[in-house]
Structure formats: structure tokens, C-alpha cells
Amino acid sequence: MSSTASPGSVTAGSITALRGDPHHLGHSRDGHGESRATGRGIGGPAPKRIVVAYGFWIFILSDIVMFASFFAAYAVLQGGIADGPTGPEIFDLTNTALETGLLLLSSFACGMASLALGARRMLYFQVAMAVTFLLGAGFVALEVMEFADLVGRGLIPSRSAFLSSFFTLVGCHGLHVTIGLLWLLTMMAQVLTKGFRADIVRRTLCFALFWHALDIVWVGVFSIVYLMGSIT
Amino acid sequence: MSHADHAGPDALDRHQTDLAPGEEYGEEDIGKGVRGYLIGLALAVLLTLCSFAIVHTKVVWAPAVPVAILVFAVAQMGVHLVFFLHITTGPDNTNNVMALAFGVLFVVLVVGGSVWIMANMNANMMPGMPHSAMPNSATPHQPMTQPMHH
């Protein structure tokens, strides 16, 4: 035991053999030779940038699964109005169109911030993030006004099954956007004070994923809740 | 391609390595990146306008309107995935696409299954029983008091 444990007995070649590719999963693209790419073959583990973003991608997909169950609940309970108002009676499509435009432009501005982040341009990054924040905050403000108007008319979630599922689905999306706004401010501050450090850049890219994913969920919300709910 | 210029003999082909979700190949070219986001924005605006325009139009056969809205929504989600989240069919994106495919499968099962089952249940309700999920139900306040003995 002690005779084989000397450090000199482990050569670089045996390490390569140990970390090799016994099942030949990591062929390079042309089919011969082992891939030196990371995350497969003999290239070693994937870089942290990919591991972190992939893990966050899994979280986003699980979040979308949660939204799917709220969508399912809304689709099923939509008709349960309990003699209360129906969708076409309470939806204001002008407001919905404004919200959609604000969130879409916010997603675009977030993309510009990602590009500025990749190019390590501080001023462009901060301006693009500030624009993203203002557009997102405008979206939240419009939604809060819409909800306040409904509640002021006595149309609270407990009024009917339709309103319960409506407030749950749309409110949950609005809550996500609100939390995203707080995260956005955090990333602006962290990039400003700590610079384009690798861990800060990873967090900011995760935020960009989150923000774009929320816009995808909103496409489902305005299409299924507001537009399909307004067909008379 | 710009990446071929600075790829030394030891540099890995970028297509061999994986891309993180949201990461775009060739992101170092800012002009190309902005152009991609602009194309995505234009397509998304176009699809959104189509969705909003079709709601109150008389041009389209009425039963086709919800289907059209769904098609526009799915198309716009695709546009967002490709141009904003940079999910592509490339080999460096396989892991991201497989995770997304599982998510889509789950969403389709949950939403489609719920709607199917509840529509079937409502359709098979006996007359006089409360149609809990039917619009403009005639008997919304009548609770289901009769237990299902025998």
C-alpha cells in the first residue's frame, strides 16, 4: 500500500487514461479522435458558466411548469362566473396592449444589456438595464392599476372561480416581474461596484434568462386570458 | 467568419463545446447581436399585432379565431426562444433543447389533460346538476347535496 502511494507513480499519461472516454461518448465532430471539448470526452468538466446557466434554465422550466398548472386552472374555471362578470366585461384590451408593448420592449432592452455585458461596456450596460427597469416598472404599474380598479368595483378573487383563477395566474406573473425588478436593481449595483467579475456576469446572464422567460409567459397570458377571453 | 481568424492550432472549435442557455455563438460581434434582437423584436411585434387585430375582426371565420390566437402565441414564443434566449438546434445546444422539450411535454400534458378531462366531465353532467364550469350557468347556487350512494 505504502509502496504504490508515492506521488511519482502517477504520471500525466495515467491521469489522461483515467479521465478518458471508455464508452467513446466524446468523439469530436468528424467522428475520429476524442473530443477535447469540456463537458464531455477528455476535456474535463463543463465550465461553471455553463453549469450555472443550465441549472437556472432547469429552474425556469420548472417555473413554467408551475405557470402551466395555473393556466390549466384558469382554462377549467374560466366559465365559473357565479353570476358575476365575464372576461369581456372586465378586460380592457388597450391596457393589455400597452402592458404587452412595455414588457416586449423591456425584454429587448434586456437583450441590449446582455450584449453590453458581453462587450464589458459599463455605461451601455447600466443605461440598457435602467431602460429595462423603467419599462418593466411601467408594466407592473399598469397591472397594479388594473387590479386596483377591479378590487374597487368589488371584483375580488373570492367573487367567483373565474376571478380566483384570473388573479392567481396574472398576479403570479406580476409578482415574478416585481421580484425580477428587484433582482435587476441588484445586478446594476453589483456590476457597478464589483465590475465585470466572472460570478457577477454569471448572475446577470441568469437574470437575463429570467426576464426573457417572463416575457414568454406573458405571451401566454395575453393570448389565452385577455384575447381569447375577449372573443364575444 | 471572424472566429476562424483568431483560432490557433490549440483553440477548440466553438461548435464542439456546449453553449449555456441564453448564450449566443458569435456573441462577440455586437452588430450581429443587435441585428438578431432587432429581428426578434420585429417578428414579435408583428405577431402581437396580428393577435390583437384578429380578436374583433369579421374577416376571419369566427370559430377559427381562438385557434389563430393560439398559433400566433406559439409562434411568438418560438421567436422569443430563438432570438432572445438563443435556443437553437445546433449540437452545442442539445442539453438546453432536451430540457426545454421535457418542459413543453409537461405543459402540454397538464394543460391539455386538464381541459380535456373537465370538458368531458361537463359534457357528461346529468341535466339539473350544477354545471360548475359552464358559462352563464342556470343553477349556479344549487349545491351538490346528493351524495353519490349507489
Side-chain angles (χ1 to χ4, degrees), chain A residues 28-29 35-40 43 46 49-50 52-54 56-58 60-62 64-65 68-69 71-73 75-83 86 93 96-97 100-101 104-105 107-108 111-112 114-115 118-119 161 205 208-209 212-213 215-216 219-220 222-224 227-228 230-231, chain B residues 12-13 15-23 27-28 30 33-34 36-38 40-41 44-45 48 51-52 54-56 62 65-66 69-70 72-73 76-77 80-81 83-85 91 95-96 99-100 102-103 106-108 110-115 118 122 131-137 140-141:
Chain A
S28 55
R29 202 162 37 127
S35 169
R36 288 177 296 117
T38 53
R40 66 184 96 156
R49 173 178 56 87
I50 288 179
V52 167
Y54 186 71
F56 196 75
W57 181 232
I58 300 288
I60 284 176
L61 290 168
S62 67
I64 284 178
V65 165
S69 46
F71 272 113
V76 165
L77 298 173
Q78 197 177 5
I81 54 172
D83 286 343
T86 59
L93 284 192
T96 309
T100 305
L104 183 59
L105 288 175
S107 207
F108 177 76
M112 296 300 103
S114 298
L115 289 175
L205 289 177
L209 276 179
H212 293 312
D215 203 15
I216 292 182
V219 172
F222 84 70
S223 297
I224 291 173
L227 293 185
M228 289 175 74
S230 294
I231 301 169
Chain B
L12 281 171
D13 183 352
H15 278 299
Q16 282 192 342
T17 60
D18 288 331
L19 281 177
E23 194 177 31
E27 210 171 40
E28 54 274 5
I30 294 282
V34 172
Y37 281 105
L38 277 174
L41 181 68
V45 166
T48 304
S51 281
F52 276 85
I54 208 170
V55 176
H56 291 304
V65 170
I69 290 174
L70 272 185
F72 287 138
Q76 192 174 346
M77 288 175 184
H80 283 236
L81 281 173
F83 290 98
F84 291 170
L85 284 158
N95 291 335
N96 308 336
L100 175 69
F102 177 68
F106 212 97
V107 168
V108 168
V110 167
V111 177
S114 301
V115 170
M118 295 307 287
N122 285 335
H131 289 215
S132 62
M134 293 290 281
N136 305 317
S137 167
H141 299 300

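Each chain gets a letter, A, B and so on, in the order its sequence line appears, and its residues count up from 1.
Heavy-atom pairs under 4.5 Å with chain A peak, among A99(B), G103(B), S114(B), S51(B), at A99(B). Comparing L41(B), V111(B), L85(B) by heavy-atom pairs within less than 4.5 Å of chain A, the highest count is held by L41(B). For chain A, the option among V65(B), N95(B), L38(B), T48(B) with the highest count of heavy-atom pairs below 4.5 Å is N95(B).
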Task: Stepwise side chain to side chain contact (heavy atoms under 4.5 Å, CB included) test for M228(A) and V55(B) - done: CA-CA 8 Å; M228(A) 289 175 74; V55(B) 176; over 6 Å; no
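Y37(B) and F84(B) have their aromatic ring centers within a separation under 6.0 angstrom.
The minimum heavy-atom distance linking L93(A) with S230(A) is given by the pair CD2-OG, 3.6 Å. The shortest non-hydrogen separation linking S69(A) to V110(B) is CA-CG1, 3.9 Å. Between S107(A) and H212(A) the shortest heavy-atom distance is OG-ND1, 2.8 Å. Closest of all the heavy-atom pairs between L209(A) and A53(A) is CD1-O, 4.0 Å.
Using a 4.5 Å cut-off between heavy atoms, I224(A) contacts chain B through its side chain alone, with no backbone atom that close. For chain A, no part of V108(B) is nearby; none of its heavy atoms comes within less than 4.5 Å. In this structure, chain B has heavy atoms under 4.5 Å from both the backbone and the side chain of L104(A). Proximity to chain B is limited to the side chain of F222(A), based on heavy atoms less than 4.5 angstrom apart. Using a 4.5 Å cut-off between heavy atoms, A97(A) contacts chain B through both its backbone and its side chain. Of the atoms belonging to T96(A), heavy atoms from both backbone and side chain fall under 4.5 Å from chain B. With a threshold of 4.5 angstrom between heavy atoms, L81(B) approaches chain A through its backbone and through its side chain.
Heavy atoms from other residues, nucleotides or ligands lying under 6.0 Å from OH of Y54(A) number more than 12.
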